K.L.:
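My structure is below; once you've seen it, I'll send some questions.
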Protein chains: 2
Amino acid sequence: MEKKKMDRPIVRTRRLIRDAFTGLMEEKGFEAITVSDLTEKADINRGTFYLHYKDKYDLLEQSEGEIFEELDRIGEEAWKAVNQNYTNDLQVEQPLPFVIKLFEFLEENFEFMKVILGPNGNPSFQVRLKEFIKKKMLYKFSNFMNEENMVIPLDYLVAYVSSAHLGVIQCWLESGMDRSPQEMAHMLSQTTFWGPAHVAGLRKN
Amino acid sequence: MEKKKMDRPIVRTRRLIRDAFTGLMEEKGFEAITVSDLTEKADINRGTFYLHYKDKYDLLEQSEGEIFEELDRIGEEAWKAVNQNYTNDLQVEQPLPFVIKLFEFLEENFEFMKVILGPNGNPSFQVRLKEFIKKKMLYKFSNFMNEENMVIPLDYLVAYVSSAHLGVIQCWLESGMDRSPQEMAHMLSQTTFWGPAHVAGLRKN
DNA sequence: TTCTATTTGTTGATTAGTAAACAGATTTCA
DNA sequence: TGAAATCTGTTTACTAATCAACAAATAGAA
């Protein structure tokens with residue numbers, strides 16, 4: 001059963017609140033924000049805020065929750081795309097469709113992601129995002145690798161690669177997205193496949 | 001008696017409509033716009049449009065009307081500022097406070113002014129704006145000039161200077177406001193005082 | 001010219017947001 | 001420590017926007 005589409009004022013009001021939230025978080029950090037700040041910046045009645053959120057912590061929770069809901073959906077779509085192509089012979093050095101879609105999603109939510117992952121953001125969000133990336137990669141790597149052949153344990157490898165991805169994401173957001181999502185995904189897959197030393201020109205084989 | 005402040009939803013809805021109007025005018029020109037276009041782009045209910053405007057011609061009329069209301073107010077403020085300073089000895093080559101405020105106003109309403117004065121805009125608005133500038137200048141010049149000393153009739157002079165101002169305004173808007181309102185006002189007053197030939201370096205005295 | 005598609009202008013019941021007020025809690029300042 | 005300022009959470013009656021539908025008008029296509 002399809003979820004009833006939200007009426008326009010609800011969508012509009014929440015967007016106003018979220019945009020104000022993002023701006024204030026960048027400006028003064030989450031802790032210093034008040035509900036009065038939010039509704040003043042969003043230019044809505046203070047009582048209206050409480051029609052949508054319990055308090056500012058609820059706003060943070062729901063905002064981050066929606067990000068991960070969308071990321072889950074992106075992960076599923078990317079997986080379906082791979083399955084529907086019936087081409088399991090793509091090389092491991094090709095960008096994962098998921099990673100391309102991830103960067104596209106980041107581009108669409110640039111302001112919020114830049115702030116939440118920035119110095120005035122929420123450290124636990126960063127942790128959560130890294131866990132999410134790890135989970136996706138663990139699943140993907142498990143289908144390709146034989147643990148007997150590995151020089152280091154799989155979970156350490158995935159920790160390495162997912163942290164690297166997160167660092168690159170943050171660098172990209174801070175730069176104001178100076179490269180396209182496709183370029184970013186390609187860059188990451190190249191570095192992951194050949195290794196940082198190789199792509200830095202320090203090692204040849 | 002102070003006019004009652006409009007409730008937020010009214011202000012918000014009208015801004016949505018005006019912004020959509022500006023965007024569509026630039027994209028396809030006034031004639032090609034439909035009310036359905038407007039409310040789709042503004043993301044409001046079509047019936048809501050009719051709560052605010054009779055039809056799209058009413059929207060145009062009210063939009064332009066507000067511009068001139070604001071311009072009138074700016075003209076009065078500028079005049080008061082001059083009077084309150086008790087300094088009637090400012091030189092005629094100094095930028096008029098009104099012209100500075102005019103450019104600041106244009107900057108605040110950049111999108112709309114660029115469109116309405118552009119190729120897809122409304123020619124009659126341009127005429128109206130020029131008349132407005134002429135009226136302000138006629139008033140100002142009348143206070144400074146002795147018609148006996150003039151080489152050409154005052155109304156022709158004012159037509160020359162006001163048309164020049166409008167042309168410069170349009171150039172500025174098309175360039176995306178590459179200079180500050182203060183710079184623009186100064187440039188205009190210099191050119192007006194010394195004459196185009198002088199400021200072009202073609203004539204010295 | 002006729003038919004189809006789109007737009008218009010309006011309507012009514014409902015939803016969502018609103019202004020303003022209130023009491024209590026928290027923060028800031030002297 | 002106490003006073004003042006600010007913020008919070010809630011409330012109520014009202015306003016504004018909403019969805020969806022309808023009939024008529026207009027525009028576009030065949």
Side-chain angles (χ1 to χ4, degrees), chain A residues 1-66 115 120-122, chain B residues 1-66 69 115 120 122:
Chain A
M1 183 175 295
E2 197 172 299
K3 190 169 71 179
K4 183 181 180 299
K5 184 185 171 192
M6 274 190 288
D7 281 3
R8 285 183 162 100
I10 295 185
V11 173
R12 184 179 300 133
T13 297
R14 287 187 180 176
R15 184 183 303 131
L16 287 170
I17 295 173
R18 297 292 170 87
D19 288 349
F21 187 34
T22 302
L24 285 165
M25 223 180 343
E26 179 161 39
E27 180 187 317
K28 49 167 47 175
F30 178 76
E31 285 307 319
I33 293 172
T34 68
V35 171
S36 295
D37 284 335
L38 284 163
T39 58
E40 199 177 311
K41 194 173 180 72
D43 195 17
I44 62 171
N45 189 264
R46 205 162 53 72
T48 305
F49 177 89
Y50 294 102
L51 294 175
H52 294 267
Y53 305 99
K54 188 177 183 312
D55 49 27
K56 69 179 192 183
Y57 302 100
D58 186 29
L59 169 60
L60 179 65
E61 204 173 305
Q62 287 198 39
S63 296
E64 296 184 342
E66 279 172 26
V115 169
N120 274 346
N122 181 17
Chain B
M1 184 178 292
E2 198 173 301
K3 191 169 74 180
K4 183 181 180 298
K5 184 184 169 194
M6 276 190 288
D7 282 4
R8 286 183 159 101
I10 295 184
V11 175
R12 185 179 300 135
T13 297
R14 286 185 181 179
R15 185 183 304 132
L16 288 170
I17 295 174
R18 296 292 170 87
D19 288 351
F21 186 35
T22 303
L24 285 165
M25 221 179 346
E26 179 161 39
E27 180 187 316
K28 50 168 46 173
F30 177 76
E31 286 306 318
I33 294 173
T34 67
V35 172
S36 296
D37 284 336
L38 284 163
T39 58
E40 198 177 313
K41 193 171 180 77
D43 196 15
I44 63 168
N45 189 264
R46 205 162 50 74
T48 305
F49 177 89
Y50 294 103
L51 294 176
H52 294 265
Y53 305 100
K54 187 175 184 314
D55 50 26
K56 71 179 190 182
Y57 303 99
D58 186 29
L59 170 59
L60 178 65
E61 204 173 304
Q62 288 197 40
S63 298
E64 295 184 344
E66 279 172 26
E69 275 173 33
V115 168
N120 275 346
N122 180 17

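Chain naming here is simple, since letters A, B, ... match the order of the sequence lines and numbering starts at 1 in each. Computed from a prediction, not measured in an experiment: that's the story for all the values here.
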K.L.:
Side-chain donor-acceptor contacts of residues 58-65 of chain A below 3.5 Å, not counting sequence neighbours, with atom names and distances?
P.N.:
unit_1  : atom_1 : unit_2   : atom_2 : d
A/Asp58 : OD1    : A/Gln62  : NE2    : 3.4
A/Asp58 : OD2    : A/Lys54  : N      : 2.9
A/Asp58 : OD2    : A/Gln62  : NE2    : 3.3
A/Ser63 : OG     : A/Arg18  : NE     : 3.3
A/Ser63 : OG     : A/Leu59  : O      : 2.7
A/Glu64 : OE1    : A/Asn122 : ND2    : 3.4
A/Glu64 : OE2    : A/Asn122 : ND2    : 2.7

K.L.:
Can you name the side-chain contact (heavy atoms from CB on, under 4.5 Å) partners of B/Thr13, sequence neighbours left out?
P.N.:
B/Ile17, B/Ile44, B/Thr48, B/His52
K.L.:
Would you check if B/Arg14 and B/Tyr53 make a side-chain contact, meaning some heavy-atom pair closer than 4.5 Å?
P.N.:
yes
K.L.:
Taking atom C1' of D/dA20 as reference, at what distance in whole Å does atom CG of A/Asp7 sit?
P.N.:
11 Å
K.L.:
Please report the distance, rounded to the nearest Å, between CZ in B/Arg8 and C1' in C/dG17.
P.N.:
10 Å
K.L.:
For A/Gly47 and for B/Leu51, locate the closest nucleotide of DNA chain D by heavy-atom distance; then report the residue assigned to the nucleotide nearer the 5' terminus.
P.N.:
A/Gly47
K.L.:
Under 4.0 Å between a side-chain N/O of B/Tyr50 and OP1 or OP2 of C/dT10, yes or no?
P.N.:
no
K.L.:
Specify the residues of residues 52-64 of chain B, ordered by number, for which at least one heavy atom lies under 4.0 angstrom from an atom of DNA chain C.
P.N.:
none
K.L.:
In residues 18-45 of chain B, which ones come under 4.0 Å of DNA chain C, going by heavy atoms?
P.N.:
B/Thr34, B/Val35, B/Ser36
K.L.:
List in chain and number order the residues that pass side chain to side chain donor-acceptor pair (under 3.5 Å) with A/Arg8, two or more places apart in sequence or in another chain; answer none if no residue qualifies.
P.N.:
B/Asp43
K.L.:
Please enumerate all residues that pass side chain to side chain donor-acceptor pair (under 3.5 Å) together with B/Asp19, with sequence neighbours excluded.
P.N.:
none
K.L.:
May I have the list of side-chain donor-acceptor pairs in residues 23-32 of chain A shorter than 3.5 Å, sequence neighbours left out?
P.N.:
unit_1  : atom_1 : unit_2   : atom_2 : d
A/Glu26 : OE2    : A/Lys114 : NZ     : 3.4
A/Lys28 : NZ     : A/Asp37  : OD2    : 2.8

K.L.:
How long is the span from the CZ atom in B/Arg12 to the CD1 atom in B/Ile10, to the nearest 0.5 Å?
P.N.:
11.0 Å
K.L.:
B/Arg46: what forms a side-chain contact (heavy atoms from CB on, under 4.5 Å) with it, not counting sequence neighbours?
P.N.:
B/Val35, B/Ser36, B/Thr39, B/Tyr50
K.L.:
For the helix from C/dT1-D/dA30 to C/dA30-D/dT1, what is the angle between the axes at its two ends, each from 5 pairs, rounded to 10°?
P.N.:
60°
K.L.:
Rounded to whole angstrom units, what separation is found between the CZ atom of A/Phe49 and the P atom of C/dT18?
P.N.:
13 Å
K.L.:
Got a sec? Which of residues 9-16 of chain B come in under 4.0 Å of DNA chain C, heavy atoms?
P.N.:
B/Pro9, B/Arg12
K.L.:
When you compare the protein's N or O atoms with those of nucleotides 21-28 of chain D, which come within less than 3.5 Å of each other, and at what distance?
P.N.:
none

